[in-house]
Amino acid sequence: MIPHFEKLDPREQELLIKAPVLLSVLASCSEHGINQKQKADAIKLAHIKTFTALPELQPYFKEVEKNFKEHFEEAAERFYPFDEKQRHLLKMEIRNIRGIISKLNPAYGVALSKSLERYVIHVKKATYSIFRDFIFPLAMPDLKDNPYSGL
């Protein structure tokens, strides 16, 4: 168990462990399915985070990595098809994470929130192309939404 999670109930602990998975599914899903490049990048990043995260977050990311791929597949199946209703349900699940993080030690909670935000930005950029700037030269909210915003 992660020492900072001791005061959380088992459901809250599970949701925090699955937070990167849920964020990855939201960042990589569309009505057509999961973007496989973003999925692969999310899996790779979850592994890398176990070594590159702040020392106090390394136990968290080691726990996240253990079943990341399986949890990703489960979440992708659970929220498919990625229509407006299912995306809303996924976003509601992600919003619950904010309340759980607020129960943690404040310094740890801030570090975890910032790390998760950087994680989402990286996953969303996995398919970024310079050509996108030529195709979509104007700011388009749908392309710039951060699914982690507000956590």
Spell out, yes or no, whether [X] and [Y] are grouped together once hydrophobic residues are joined by side-chain heavy atoms under 4.5 Å, including indirect joins.
X    : Y    : value
V110 : I97  : no
L54  : V120 : yes
Y80  : I94  : yes

State, yes or no, whether a side-chain contact exists between [X] and [Y] at a heavy-atom distance under 4.5 Å.
X    : Y    : answer
I2   : I17  : yes
P3   : Y108 : no
L22  : L15  : yes
I101 : L116 : yes
F68  : P20  : yes

- Note on the structure: Sorted by chain and number, sequence neighbours left out, salt bridge (Lys or Arg N to Asp or Glu O under 4.0 Å) with K69 holds for none
Distance-only donor-acceptor hits, side chain of residues 57-65, under 3.5 Å, sequence neighbours excluded:
residue : atom : partner : partner atom : Å
Q58     : NE2  : F51     : O            : 3.2
Q58     : NE2  : A53     : O            : 3.1
Y60     : OH   : L16     : O            : 2.5
E63     : OE1  : K66     : NZ           : 3.0
E65     : OE2  : H47     : ND1          : 2.2

- Do the side chain of Q13 and the main chain of L8 share a donor and acceptor less than 3.5 angstrom apart?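 Yes; at least one donor-acceptor contact below 3.5 Å.
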- Does any N or O in the side chain of N67 come within less than 3.5 Å of the main-chain N or O of E70, such that one atom is a donor and the other an acceptor? no
- Task: Report the C-alpha separation of L89 and M92 in whole Å, then their side-chain angles, then the decisive distance to 0.1 Å, and conclude whether the side-chain contact (heavy atoms from CB on, under 4.5 Å) test is met.
- Result: CA-CA 5 Å; L89 292 173; M92 294 303 293; 5.6 Å; no
- Task: State the NZ-OG distance between K37 and S28, to the nearest 0.5 angstrom.
- Result: 12.0 Å
So that I can tick it off, tell me whether [Y] and [X] are bridged by a salt bridge, with the cut-off set at under 4.0 angstrom between side-chain N and carboxylate O.
X    : Y    : result
E14  : K18  : yes
E117 : K124 : no
K7   : E12  : no

- Please report the C-alpha distance between S24 and K39 in whole Å, then the side-chain angles of each, then the deciding distance to 0.1 Å, and finally whether the side-chain contact (heavy atoms from CB on, under 4.5 Å) criterion is met. CA-CA 7 Å; S24 297; K39 175 185 172 183; over 6 Å; no
- Query: Under 6.0 Å from the CD atom of E77, do we count more than 12 heavy atoms belonging to anything else shown?
  - Reply: no
- Query: Step by step, would you call F5 with L104 a side-chain contact (heavy atoms from CB on, under 4.5 Å)?
  - Reply: CA-CA 7 Å; F5 291 12; L104 300 173; 4.0 Å; yes
- Message: Checking S115 against K49: is there a side-chain donor and acceptor pair closer than 3.5 Å?
- Response: yes
